[in-house]
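Reviewing the structure listed below.
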Amino acid sequence: MTEIPKTYEPAAIESKWYADWEAKGCFAADPASDKPAYSIVIPPPNVTGHLTLGHVLNNTIQDILARRARMLGKEVLWLPGTDHAGIATQNVVEKTLRKEGAMKHRDDLGREALVAKIWEWKEKYGGIILKQLRALGASCDWSRTRFTMDPEYSACVQRVFVDLYKKGLIYRGKRMVNWCPASLTALSDEEVIMKEQNGLMYHFRVEVVEEPGTFLTIATTRPETIPADTAVAVNPNDPRYTHLIGKHVWRALGERVQIPIIADNHVTFDFGTGVLKVTPAHDKADYEIGLRHKLPVIDVLTPDGKMTALAGAELEGMERFAARKKSAELLEAAGALEKTEPYKNNVGFSERADVPIEPRLSEQWFLKYPSVESSKACVADGSMRFFPDRWAKVYDHWMTGIQDWCISRQLWWGHRVPVWKIRINGDSFRANLALNVLVEDHCQNARIPTPAGDYQVLINRGAWPDQLENGVVGFANKVTHLIPLSNGDFEFRVLTLDSEVISILEETGFTQDPDVLDTWFSSWLWPFATMGWPEKTSTLAKFYPTTDLVTGPDIIFFWVARMIMAGYEYMGELPFKNVYFTGIIRDKQGRKLSKSLGNSPDPLDLIAKYGADALRFGTMRSAPLGTDVIYDEKNVELGRNFCTKLWNAARFRQMHGGETEGEIRPDFLTSDDKWILARLNDVIREVSIALDEYRFSDASGALYRFFWSEYCDWYVEASKATLYGTDEARKANTLAVMDFVFSHTLRLFHPYLPFITEELWNSMGFANDLPAKQGGDTIMFAVWPKPFTSEELGYFCLDETSDALAKAKYATVEAGRGLRRDFNLPGNKKNRFILKPSGALEAHEANVIANLLNAEPFEVDAAFTPTKGTPVALTPIGELFLPLEGLIDVAAERERIGKEITKVEAELDKVRAKLADENFAAKVPAKVLEEHRQREIDWAEKHAQLVKMRDALGAS
RNA sequence: GCGCGUUUAGCUCAGUGGUAGAGCACUCGCUUCACACGCGAGGAGUCGCAGGUUCGAACCCUGCAACGCGCACCA
C-alpha cells in the first residue's frame, strides 16, 4: 500500500490511466464475445471541429452509459468518428489558402487540386477533436474510428444513391431551392433559419396600360426584384380589382414593358394593398403562380447575389441590398413611390454562412424520403424511445409534413454524385459505337425505341435485369436511364460505382455530374455504414441495432429522423432503441455558447485547471434531463472540490492501515455501521434507477449527497470514536465496513469519475483479490453494485428500525451544536455537556456523541439536576445540558426556550386545526389521518417538555 | 398563427395531492491530528398571476402573463 499525497493532482494520473486502458485494450469491442451487446455510435463531430462544452456534455453522457454497461457485464461498442462537413470544411481550407496567397478563388486551383489540399489539411488537423475526447476520458473503440469520406464509407453513400435512384426516389428536378449566395450552393430546407428582420415595406404605383391614369398600388419588401416581375396578381374575388383582370400594367422598373394583371387565389384581400407583384424567378410562391399562369421567368440575380443586366443599367452589377435602396430611389425619382414604412418580417438565413438565402430556380437532385411510415410508427408505438419524450411529438410532426430533400450541393468537398451523363441525338448515337451499345442495351431492356427511332427487337437473354419504372434499368454493375429532352435530344444517364464501367463511360464522352451530396446524406447511414455494411459483418450482427443514441435536439431532423429512415430502408430495422436528447449549453445570460461571443471556454483549459473528472462531474451535476444547461465555472470547481474530498477520504482510510477489505463481523457492527450500510443500500438503488432512466444529474446528485453528507460528515466522523479507541477487534471491523462502503462507492462513481476512481481502486488495494476481468485489472470491469439481497440484509442485521439509534444520536449532536452556537462557544474548544437520557445508552454510543460534539467531559447522568437556568436542548435520546459555570442567564434561557415553544405551538396549531375539521376526519385516508394524529402527539409531547423546562427556571 | 417547454430561496435546480428541499452564494464561528478545494452553525421562498376541483394544491383543471424552443408564414 503506497502513501497517498495530500492533494489530488489529476494531470499525471489521467494520462497514466488512459494509456493503461488503451494498452490493455479495454475499449475494444469483440463481436465474438458471448456477453450481451451494448452499442453507441458517436454523433460524428465536424472534422474541422475542436472540443466544446457541448461535446463534453454529449460525450460524457455516452461515456457514462458505456462504462456502466461494461460494469453490468455487457460487451460494449462505442464507435467514434468524424464527418467531412462539406461547406464548413471547404470554407475553412479555402480561407486558409487565400490567406496564404495560394489562390484567390477556388477556380485558380481547380477541383482536383483543391480537393487534394483539403485532404492534406484533413490529414494534418482532422483528428484533433478525437484526441481531445481522449483527454476527457472517452472510452471509444478507437480501432474502429470512421470518417464519412473513408473509401468504404464513400462506397456506401454512392451505393445508396444508386439504389434510391433505381427505386425512383431520387430524381433530378428544376425547381425553386434555397440558394446561399455566400457559399454558392443550394441548401436543404433544414439549413435555412428564419430570422425576424426590421425591414421596410415599399408601396409603389403602377399604371394600367389600358386605362391611362388608373394606378394600382403594390406593397413589397423587395423592390430590387421589380425588373423580374412578369405579372401583377389580384384575388379573383376582390371586387376592387375584378374589372382589371386581363388588362396590363407598365412595369415600374427595368425595361418598360407591359405585364398582365392576373387572378390568383394565393393573393389575400387584406394583406398590403391586395395587389401582388409576381416574380417567378425570386420567390417560391410566385414561382407557383407563374407555373399556373405560364408566366415567363426573368432572373435578375447572379448566383452571388448581384443584379444582372436584365435588371436594367442603373442596377446592373449592384449587390442585392444596395440595389434595394437604389430601386427605391429610382421609384421615388419616377414619382412611383407612394410610401415606405418600417416592417418586421421573417427572412430565411443560411445556417452556415449566416446571410439571407435567395429562392432560386435551379436543377438539383432531390430525394423522396424512404421508409417514412415505419420510421414514424416506431416512435409512435414506443419501440424506439425518446428522452425526454416530448421530442417524439416534434419528430412526428416533422415526419408528417415531410418535403422532398434537396441533396445536391455545388461544392467540391464531399461525395460526388455517381451519375455520368451524355447528351445524345440520332447522329451522335450512330457515330459513337460504345455509346450505341450502351443505349441499345438499355432500350432493349427498357423495351423502348432507341433514340434513332429504330424499334429494337427484344432478345431473350435468360435472366432479365431489374426492369424498373420510369424507364430506369438496373444492371449488376450500373443503372441506366434515357431521358427525352424537349428539343428532341436525349440525356443518357449511367449510375455506377464500377471503375471499369467508369473508364468506359469517360472514354465514350460521358461526364460526371459535378455536384456533391449533402453531408447529411452520408451521415444518415452512420449506424450501419460504420459497421461494414453492405457486408453482413460480425460487427453488424452483434451490435446493430445500437442501444442508445445521445445527441442534441437541434439535429433531430437533420440527422436523427433521417438515420431512422435509412435504418429501416437498408437494415429493415430501427438503428437505435433509445435516443437521449441533451440540453443546449448556455452562458449565465442564457445565450448559446459561441466563439464570436467569446463566452465559450475551452474544455481543455478547464481540464488542465481542474481535471477531466471535475469537468465531467460538474457538467453532469448541472445538466438535468430535458432542460438547457447554464454553464458556470463554479460547477467545475464543485467537481474539483468533490474529487479532493474523495481523495482525502481515501487518505484518511489509508492512514489507519490494517487489512484491506477484511471480513465484516455482524456481531461487531455499531449503530453507525448499520446506518451507513443502509444508506449505501439506498444510494445503490437510487443511482441505478436514475441511470436506467437517463437521469444523470439525479444520479450524480445522489452520489454526491451520499458520499459527502452521509459517509464523510457522519459515518467517518462517528467512526473516529472507534478508530482512535483501543478496541482492536472493533477497529478492524470498522475498517472493514469502510472498505466495503468505499469500494462500492468507487464503482458507483466510476462512470462519472473514471480517472480518480481507477487510481483509488488500485492504490487502496481493492483490485488485489479480484479476478482480472472483474476488477482485478481495472475498475472498468468491476461488477456494478446491486442493492443488498435479503441474505445480505440479514447478515448485516438491517431492517426498518436498525438505523433509528444512529439517527437519534445525530439529531442529539445537532442539538448540542445548536446550543454551542446559541451561546457563542467556538466549535474547536472542548466543552462540558451532560446528557440526561430518557432510556439506556451504551458507553460506546455516548462516546460517539461526545466525539461528534467535541464534548469533554461528556457526562451521561439520568439523575442530573441542573442549576437553574442551565441551557438545555430536547433530543430524541434525552435532555442535553450545556452547563455554563458562572455565566448563567436565567432570563436569556427562558427567552430561548420561549422562542422554541412558540415554534412548536405554531406547528401544533396547524395540525390541530386540520384534525378539528370534521371534513378532514371524515374524508381523509386512514393512513394520513393516523399520520396527523401521531404528529399531534409528537408536537404535544415536545411542547409539554419545553414548558416543563421553562417552568423549572422559575418565575424569574 | 399552430405546437411544445419553462416559471419554487440572490443564482442553478429537485420536489405530481398530506410538515417547502439541495448545491452555490450570503452571514457567523473555527487552521480541531483526511480534507480551508475544508469543518460547524445560521438567515433566507406571497412556489409567475387569477379562478376552479378537493377536507387539503407548488403538484390536478381552466384562463392569462413573461421567457425560451420548434413548425408554418402574407408579398
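Numbered from 1 within each chain, the chains take letters A, B, ... in sequence-line order.
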| query | When all nucleic acid strands are considered with a 4.0 Å heavy-atom cut-off, which category describes Thr221(A): base, sugar-phosphate, or nothing? | reply | sugar-phosphate
| query | If each of Val924(A) and Asp822(A) is mapped to the nucleotide of RNA chain B with the nearest heavy atom, which maps nearer the 5' terminus, i.e. the 5' end? | reply | Val924(A)
| said: Are Leu884(A) and Pro871(A) packed together at the side-chain level, in the sense that at least one heavy-atom pair is separated by less than 4.5 angstrom? | reply: yes
| query | Reckon Glu717(A) touches a base, only the sugar-phosphate, or nothing at all at heavy-atom distances under 4.0 Å? | reply | base
| field | salt bridge (Lys or Arg N to Asp or Glu O under 4.0 Å) partners for Asp554(A), two or more places apart | value | none
| query | Rounding to a whole Å, what distance do you find between Glu224(A):CD and A75(B):C1'? | reply | 13 Å
| said: Please identify which of these residues, Tyr752(A), Phe706(A), Phe749(A), meets the ring-ring contact (aromatic ring centres under 6.0 Å, His included) condition with Phe642(A). | reply: Phe749(A)
| Between A34(B), G18(B), G23(B), which nucleotide gets closest to the side-chain atoms of Arg651(A)? | A34(B)
| field | Residue pair Phe581(A), Tyr395(A): steps toward the ring pair (Phe, Tyr, Trp, His ring centres under 6.0 Å) verdict | value | CA-CA 12 Å; Phe581(A) 289 103; Tyr395(A) 171 81; 9.1 Å; no
| Which of the following nucleotides, C74(B), A34(B), G18(B), is nearest to the side chain of Phe271(A)? | C74(B)
Please tabulate, one pair per line, each protein N/O and nucleotide N/O from nucleotides 2-4 of chain B that are separated by under 3.5 Å, including the distance.
| from | atom 1 | to | atom 2 | distance (Å) |
| --- | --- | --- | --- | --- |
| C4(B) | OP1 | Lys393(A) | NZ | 3.4 |

| message | At 4.0 Å (heavy atoms only), tell me whether Met201(A) reaches a base, stays on the sugar-phosphate, or touches nothing. | response | nothing
| field | Whole angstrom value for the distance that separates P of C37(B) from CG of Leu615(A) | value | 20 Å
| task | Taking side chain to side chain donor-acceptor pair (under 3.5 Å) as the test, write out the residues that go with Asp938(A), two or more places apart. | result | Gln934(A)
| query | How would you list, by chain and number, every residue that makes a salt bridge (Lys or Arg N to Asp or Glu O under 4.0 Å) with Glu900(A), sequence neighbours excluded? | reply | none
| Under 4.0 Å between a side-chain N/O of Tyr343(A) and OP1 or OP2 of A75(B), yes or no? | yes
| Is there a donor and acceptor pair closer than 3.5 Å between the side chain of Asp917(A) and the base of C55(B)? | no
| Would you call Lys720(A) and Glu717(A) a salt bridge, using N to O less than 4.0 angstrom? | yes
| task | May I have the distance from Asn641(A) (atom CG) to C24(B) (atom P), rounded to whole angstrom? | result | 9 Å
| query | Given C13(B), is OP1 or OP2 found less than 4.0 Å from the side-chain N or O atoms of Lys634(A)? | reply | no
| query | Who does G43(B) pair with, Watson-Crick or G-U, both distances under 3.5 Å? | reply | none
| message | Tell me the interatomic distance from Arg586(A), atom CZ, to C11(B), atom P, rounded to whole angstroms. | response | 18 Å
| note | Sorted by position of nearest nucleotide on RNA chain B, 5' first, the leading residue of Lys903(A) and Asp632(A) is Asp632(A)
| query | Is it true that Lys634(A) and Asp632(A) have a side-chain N and a carboxylate O under 4.0 angstrom from each other? | reply | no
| said: I want to check one thing: is the phosphate of A75(B), taken as OP1 and OP2, less than 4.0 Å away from some side-chain N or O of Tyr287(A)? | reply: no
| task | Name the pairing partner of U32(B), where a pair is Watson-Crick or G-U wobble with both distances under 3.5 Å, or state none. | result | none
| According to the Watson-Crick and G-U wobble definitions, with both distances under 3.5 Å, which nucleotide is paired to A25(B)? | none
Short N/O separations, protein against nucleotides 26-29 of chain B, under 3.5 angstrom:
| from | atom 1 | to | atom 2 | distance (Å) |
| --- | --- | --- | --- | --- |
| C28(B) | O2 | Arg821(A) | NH1 | 2.7 |

| query | In terms of side-chain geometry, is the basic nitrogen of Lys609(A) or Glu633(A) positioned less than 4.0 Å from the acidic oxygen of its partner? | reply | yes
| task | Using whole Å, report how far CG of Asn635(A) lies from C1' of C11(B). | result | 11 Å
| query | Is C73(B) paired to anything, Watson-Crick or G-U wobble with both distances less than 3.5 Å, and if yes, which nucleotide? | reply | none
| query | Is there a Watson-Crick or G-U wobble partner for G48(B) with both distances under 3.5 Å, and which nucleotide is it? | reply | C64(B)
| task | Mind checking Asn854(A) for me? I need base, sugar-phosphate or nothing, with any heavy atom below 4.0 Å counting as a touch. | result | nothing
| query | Atom OH of Tyr704(A) to atom C1' of C37(B): distance rounded to whole Å? | reply | 10 Å
| Under a 4.0 Å N-O cut-off, is there an ion pair linking Glu693(A) with Arg695(A)? | yes
| remark: Checking A34(B), A72(B), G18(B) against the side chain of Phe652(A) (C-beta onward), the nearest is A34(B)
| message | So if I take every side-chain heavy atom of Lys910(A) and compare against U19(B), A34(B), A72(B), which nucleotide ends up nearest? | response | U19(B)
| field | Assigned partner base of C55(B), Watson-Crick or wobble definition, under 3.5 Å | value | G18(B)
| query | What integer distance in Å separates Phe707(A):CZ from A34(B):C1'? | reply | 10 Å
| Watson-Crick or G-U wobble mate for C37(B), both contacts under 3.5 Å | none
| note | By the Watson-Crick or G-U definition, both distances under 3.5 Å, A9(B) is matched with none
| query | Between Phe707(A) and Phe742(A), is a ring pair (Phe, Tyr, Trp, His ring centres under 6.0 Å) present by the stated rule, with each step listed? | reply | CA-CA 9 Å; Phe707(A) 190 74; Phe742(A) 218 108; 5.7 Å; yes
| field | Minimum-distance nucleotide to Trp939(A) side chain [options: U19(B), A34(B), C24(B)] | value | U19(B)
| said: Looking at the base of C35(B), is there any donor atom on it, or on the side chain of Thr644(A), that sits under 3.5 Å from an acceptor on the other one? | reply: no
| task | Sequence neighbours left out, what passes salt bridge (Lys or Arg N to Asp or Glu O under 4.0 Å) with Arg251(A)? Give chain and number order. | result | none
| field | Check: Lys645(A) side chain, C35(B) base, donor-acceptor under 3.5 Å | value | yes
| note | Rounded to whole Å, the CD1-P distance (Ile584(A) to G68(B)) equals 14 Å
